[in-house]
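Some notes on the structure that comes next.
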Amino acid sequence: QLINHKSIKMKKILLLAFLISLTVNAQEKKDYFIHLTSDPMKNPSAAMMSIAAASEALKQKHSVVFFAAGDGTKILIKDVINNLHTVTSLGRGVSGDSNKISQKLKKALIRFSINGGIIHISEGSILTFGVTQNNYKEHLIAVKKINWSYPKELIQESSKADIVFSY
């Protein structure tokens with residue numbers, strides 16, 4: 001019986017150690033890669049969720065790369081993000097301010113970049129909408145820094161990530 005009692009005590013200690021390690025690992029800093037390829041005007045929910053996920057991960061002190069490619073690059077275009085409220089009912093009717101969700105998302109992306117979030121944009125994709133490194137300040141929202149990227153960077157950045165979300 002003495003051996004059985006010690007065995008039970010040892011199992012409880014091991015279980016406690018395991019639970020502590022889970023808690024420590026759950027709070028460990030992770031590298032997130034958020035990939036937006038959906039057209040924000042056709043799938044505003046995907047655009048909103050990508051911004052919300054990136055912002056929340058950064059808020060929780062994780063390292064976050066937001067990579068816009070394909071039609072997803074349009075999220076950084078002023079005329080697109082400023083008019084997201086026209087293609088979604090989310091945020092309508094709040095204090096009579098119909099464009100509240102558009103402004104909130106734009107501020108979130110700008111805040112994300114200021115607070116250490118990394119933004120990549122597919123240079124080839126955004127070019128299809130007439131935006132280049134020479135004229136982007138006229139067309140894109142004023143995020144702190146844009147990394148002009150191609151598939152090479154897409155693969156490099158996503159392969160570094162612990163967690164990948166694609167919208």
Side-chain angles (χ1 to χ4, degrees), residues 22-92 94 99-133 135-167:
L22 282 179
T23 303
V24 169
N25 287 334
Q27 296 172 357
E28 185 176 293
K29 184 178 173 185
K30 302 276 186 203
D31 292 327
Y32 281 77
F33 182 84
I34 313 287
H35 190 214
L36 177 64
T37 59
S38 298
D39 184 333
M41 299 305 277
K42 292 180 181 170
N43 190 352
S45 295
M48 289 185 258
M49 284 304 303
S50 69
I51 295 168
S55 296
E56 182 58 32
L58 191 65
K59 181 180 169 186
Q60 291 184 22
K61 307 291 185 216
H62 298 288
S63 172
V64 186
V65 171
F66 183 90
F67 200 114
D71 290 336
T73 59
K74 292 164 83 175
I75 195 61
L76 293 163
I77 297 175
K78 291 176 192 175
D79 289 341
V80 172
I81 200 163
N82 287 336
N83 289 293
L84 258 179
H85 66 280
T86 65
V87 293
T88 182
S89 59
L90 187 62
R92 281 199 190 144
V94 180
N99 73 346
K100 187 174 186 172
I101 193 67
S102 296
Q103 295 308 310
K104 183 178 179 180
L105 291 168
K106 182 166 93 173
K107 286 178 186 175
L109 263 179
I110 292 169
R111 196 174 325 111
F112 171 82
S113 70
I114 291 169
N115 292 333
I118 299 166
I119 297 177
H120 283 261
I121 192 165
S122 167
E123 190 166 1
S125 297
I126 197 71
L127 181 61
T128 64
F129 304 111
V131 180
T132 68
Q133 287 191 48
N135 70 8
Y136 78 94
K137 289 185 180 180
E138 301 166 36
H139 300 286
L140 303 184
I141 61 173
V143 294
K144 184 176 178 182
K145 182 182 179 193
I146 294 175
N147 294 283
W148 298 85
S149 302
Y150 283 92
K152 176 183 177 183
E153 290 81 12
L154 171 69
I155 299 304
Q156 287 173 339
E157 293 299 320
S158 63
S159 66
K160 289 188 235 174
D162 298 308
I163 299 165
V164 175
F165 289 112
S166 185
Y167 296 94

Task: Non-neighbouring partners of Ser113 that pass side chain to side chain donor-acceptor pair (under 3.5 Å), sequence neighbours left out - done: none

Task: Summary of side chain to side chain donor-acceptor pair (under 3.5 Å) pairs that have at least one residue in residues 51-61, sequence neighbours excluded - done: Glu56-Gln60

- [ ] List the atom of Leu58, the atom of Gly116, and the distance in Å for their closest heavy-atom pair.
- [x] CD1-C, 4.2 Å

TODO: Please check if atom CG in Asp79 has more than 12 non-hydrogen atoms from other residues, nucleotides or ligands closer than 6.0 Å.
DONE: no

TODO: Could you give me the CA-CA distance, side-chain angles and deciding distance for Asn135 and Thr132, then say whether side chain to side chain donor-acceptor pair (under 3.5 Å) is met?
DONE: CA-CA 5 Å; Asn135 70 8; Thr132 68; 3.3 Å; yes

Task: Partner residues of Ala161 under the side chain to side chain contact (heavy atoms under 4.5 Å, CB included) criterion, sequence neighbours left out - done: Phe33, Val164

Task: Asn99 side, atom CG; Lys106 side, atom NZ - distance, nearest 0.5 Å - done: 9.0 Å

Open item on the list: Show the nearest heavy-atom pair for residues Ser122 and Phe67, with the distance to one decimal.
Closed with: N-CE2, 4.4 Å

Task: Approximate separation, where rounding is to 0.5 Å, of Phe165 CZ and Phe66 CZ - done: 13.0 Å

- [ ] With rounding to the nearest 0.5 Å, note down the distance linking CG in Asp31 to OG in Ser159.
- [x] 11.0 Å

Distance-only criterion, 3.5 Å: show the donor-acceptor pairs between side-chain atoms of residues 40-48 and protein atoms not counting sequence neighbours.
from	atom 1	to	atom 2	distance (Å)
Asn43	OD1	Ala46	N	3.2

- [ ] Find out whether Leu84 and Ile75 are in side-chain contact, i.e. whether some heavy atom of one side chain is under 4.5 Å from a heavy atom of the other.
- [x] yes

Could you pull out every donor-acceptor pair under 3.5 Å between side chains of residues 136-150 and any protein atom, sequence neighbours left out?
from	atom 1	to	atom 2	distance (Å)
Asn147	ND2	Ile119	O	3.0
Ser149	OG	His120	ND1	2.6
Ser149	OG	Asn147	O	3.3

TODO: Give the C-alpha distance, both sets of side-chain angles, the deciding distance and a yes or no for side chain to side chain contact (heavy atoms under 4.5 Å, CB included) between Phe112 and Ile51.
DONE: CA-CA 9 Å; Phe112 171 82; Ile51 295 168; over 6 Å; no

Open item on the list: With a 3.5 Å distance limit and no angle check, can you tell me whether Thr37 reaches the backbone of Gly72 through a side-chain donor-acceptor pair?
Closed with: no

- [ ] Could you tell me whether the side chain of Ile77 reaches within less than 4.5 Å of the side chain of Phe129, counting heavy atoms only?
- [x] yes

TODO: May I have all residue pairs that pass side chain to side chain donor-acceptor pair (under 3.5 Å) and include part of residues 64-75, sequence neighbours excluded?
DONE: Asp39-Lys74

TODO: Could you go through the side chain to side chain contact (heavy atoms under 4.5 Å, CB included) check for Ser63 and Lys30 one step at a time?
DONE: CA-CA 6 Å; Ser63 172; Lys30 302 276 186 203; over 6 Å; no

Open item on the list: Is the shortest side-chain heavy-atom distance between His35 and Leu154 below 4.5 Å?
Closed with: yes

Task: His85 side-chain N/O to Ser102 backbone N/O, donor-acceptor pair under 3.5 Å - done: no

TODO: Please test Leu105 against Leu109 for side chain to side chain contact (heavy atoms under 4.5 Å, CB included), starting from the C-alpha separation and ending with a verdict.
DONE: CA-CA 6 Å; Leu105 291 168; Leu109 263 179; over 6 Å; no

